[in-house]
Amino acid sequence: ANAAAAIGGGNFDVDVTPRGEEDILGNAVLQMKDNLKRFSVESDEKNWVQTGVGKLNDLIIGEKNLELLASKVIGFIAEYTNSQVGAFYFSPDQQRLQLISSIALDRSKMKKEIRFGETLAGQAAYTGKEIFLENVSGVEMVVDYSGGTLKPDAIIACPVFYVKLLKAVIEIGSLNNYSPVVHRFLK
């Protein structure tokens with residue numbers, strides 16, 4: 001009874017040990033705990049994605065200046081996904097990407113223009129699909145900070161479409177791996 005009350009109160013870490021296979025009530029409480037815990041996690045993740053999309057929409061609605069728009073978008077996405085680096089590339093002609101804005105990257109070392117298929121961002125533009133690298137080693141992308149640089153552990157390059165045309169690629173990097181919910185947010 002105490003376990004059921006704790007589970008009903010949202011404590012899914014309570015220990016539930018059925019007395020055996022014949023313990024119908026104990027097994028039902030254990031299954032209920034597992035199902036409610038999974039539902040709670042799924043609900044929290046869905047809310048996180050929806051909240052992020054809503055905040056991003058509110059941030060960019062009505063913005064006409066491309067540089068300001070790019071800066072707002074990459075700044076928000078980097079913060080919301082706990083990314084330490086980010087870059088926003090705009091596609092003016094469906095053949096190339098132009099760097100418009102970045103977070104914690106040394107722009108003097110970055111390509112200002114990338115053809116579709118070149119680099120991770122260019123490959124995401126070419127395929128029209130998200131590219132995700134984790135446990136990255138040997139990449140050129142580094143997080144610049146006043147004391148030096150760090151290499152990210154995970155990188156995502158995500159194409160952005162408007163009316164079925166590729167308009168941009170957002171590239172983010174983190175010192176930690178990304179959870180699956182971050183990928184759902186970026187879609």
Side-chain angles (χ1 to χ4, degrees), residues 1-61 72-88 103-104 120-121 123-139 141-143 150-187:
N2 290 338
I7 293 166
N11 179 4
F12 304 116
D13 294 325
V14 66
D15 186 34
V16 176
T17 308
R19 294 183 182 138
E21 290 181 33
E22 302 295 320
D23 184 0
I24 295 171
L25 181 59
N27 283 304
V29 170
L30 179 61
Q31 184 176 8
M32 177 184 72
K33 177 187 103 159
D34 293 343
N35 289 341
L36 287 172
K37 184 176 184 177
R38 186 178 64 253
F39 175 75
S40 177
V41 167
E42 289 171 0
S43 178
D44 289 348
E45 289 178 352
K46 185 177 181 180
N47 287 339
W48 185 84
V49 169
Q50 290 176 340
T51 299
V53 169
K55 287 180 177 181
L56 183 59
N57 284 337
D58 289 347
L59 187 70
I60 64 175
I61 198 159
K72 286 180 177 183
V73 167
I74 197 62
F76 175 80
I77 289 175
E79 180 180 341
Y80 201 70
T81 62
N82 293 315
S83 300
Q84 287 73 43
V85 293
F88 185 103
I103 300 284
L120 198 62
Q123 191 63 31
Y126 181 75
T127 64
K129 296 179 181 174
E130 175 189 285
I131 297 175
F132 173 50
L133 302 176
E134 60 184 337
N135 302 318
V136 178
S137 62
V139 296
M141 179 186 272
V142 293
V143 179
L150 297 169
K151 290 189 180 256
D153 192 51
I155 301 170
I156 299 174
C158 184
V160 177
F161 293 92
Y162 180 73
V163 192
K164 298 185 181 184
L165 290 176
L166 184 112
K167 293 295 180 181
V169 172
I170 294 171
E171 193 173 61
I172 55 175
S174 175
L175 299 176
N176 303 301
N177 281 326
Y178 289 107
S179 68
V181 71
V182 170
H183 298 279
R184 289 196 296 278
F185 167 70
L186 292 172
K187 289 182 181 187

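This structure is a prediction, so every number in the text was calculated from the model and none was measured.
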* To do: Answer yes or no: is there a side-chain heavy-atom contact under 4.5 Å between Ile156 and Ile172?
  => yes

* **Gap separating the CG atom of Asn177 from the CG atom of Leu133, nearest 0.5 angstrom** => 10.5 Å

* Structure fact -> Shortest non-hydrogen pair, Ile74 vs Glu171, comes out as CD1-O, 4.1 Å

* **Beyond-backbone contact of Lys55 with Asp58, side-chain heavy atoms, under 4.5 angstrom** => no

* **Distance in Å, Ile103 CD1 paired with Phe88 CZ, rounded so as to fall on 0.5 Å steps** => 12.0 Å

* Are the charged groups of Glu45 and Arg184 less than 4.0 angstrom apart, N to O? -> yes

* To do: For Gln84 and Asn82, indicate whether the former's side chain and the latter's backbone hold a donor-acceptor pair under 3.5 Å.
  => yes

* With the side chain counted from C-beta on, respond yes when Lys167 and Leu165 share a heavy-atom pair under 4.5 Å apart, and no when they do not. => yes

* Structure fact -> Rounding to 0.5 Å, atoms CD (Gln31) and CG (Asn35) come to a distance of 5.0 Å

* **Close side-chain approach of Val53 and Tyr80, heavy atoms under 4.5 Å** => no

* Report the distance from atom CZ of Phe185 to atom OG1 of Thr51, rounding to the nearest 0.5 Å. => 10.0 Å

* Pairwise distance CD(Glu21) to CG(Asp23) - rounded to 0.5 angstrom -> 11.0 Å

* Heavy-atom pair with the smallest gap, counting every atom of Ala104 and Val85 -> O-CG1, 3.6 Å

* Asked: Which value, rounded to the nearest 0.5 Å, describes the distance between Ile170 atom CD1 and Cys158 atom SG?
  -> 6.5 Å

* Asked: With a 4.5 Å heavy-atom cut-off, do Ile131 and Leu120 have their side chains touching?
  -> yes

* Between Tyr178 and Ser83: side-chain donor-acceptor atoms closer than 3.5 Å -> yes

* **Heavy-atom closest contact (Val169 atom, Ala125 atom, distance)** => CG2-CB, 3.8 Å

* Could you tell me whether a side-chain N or O of Thr127 sits under 3.5 Å from a main-chain N or O of Gln123, the two making a donor and an acceptor? => yes

* Heavy-atom neighbours of Phe161 CZ exceed 12 at 6.0 Å -> yes

* To do: Please name the pair of heavy atoms, one in Pro159 and one in Leu166, separated by the smallest distance, quoted to 0.1 Å.
  => CB-CD1, 3.4 Å

* Min side-chain heavy-atom separation Asp44-Ser40 under 4.5 Å -> yes

* Asked: Any chance CD1 of Ile61 has more than 12 other-residue heavy atoms, nucleotides or ligands included, within less than 6.0 Å?
  -> no

* Give the C-alpha distance, both sets of side-chain angles, the deciding distance and a yes or no for side-chain contact (heavy atoms from CB on, under 4.5 Å) between Ile77 and Leu186. => CA-CA 9 Å; Ile77 289 175; Leu186 292 172; 3.9 Å; yes

* To do: Might you confirm whether atom OH of Tyr126 has over 12 heavy atoms from other residues, nucleotides or ligands at distances under 6.0 Å?
  => no

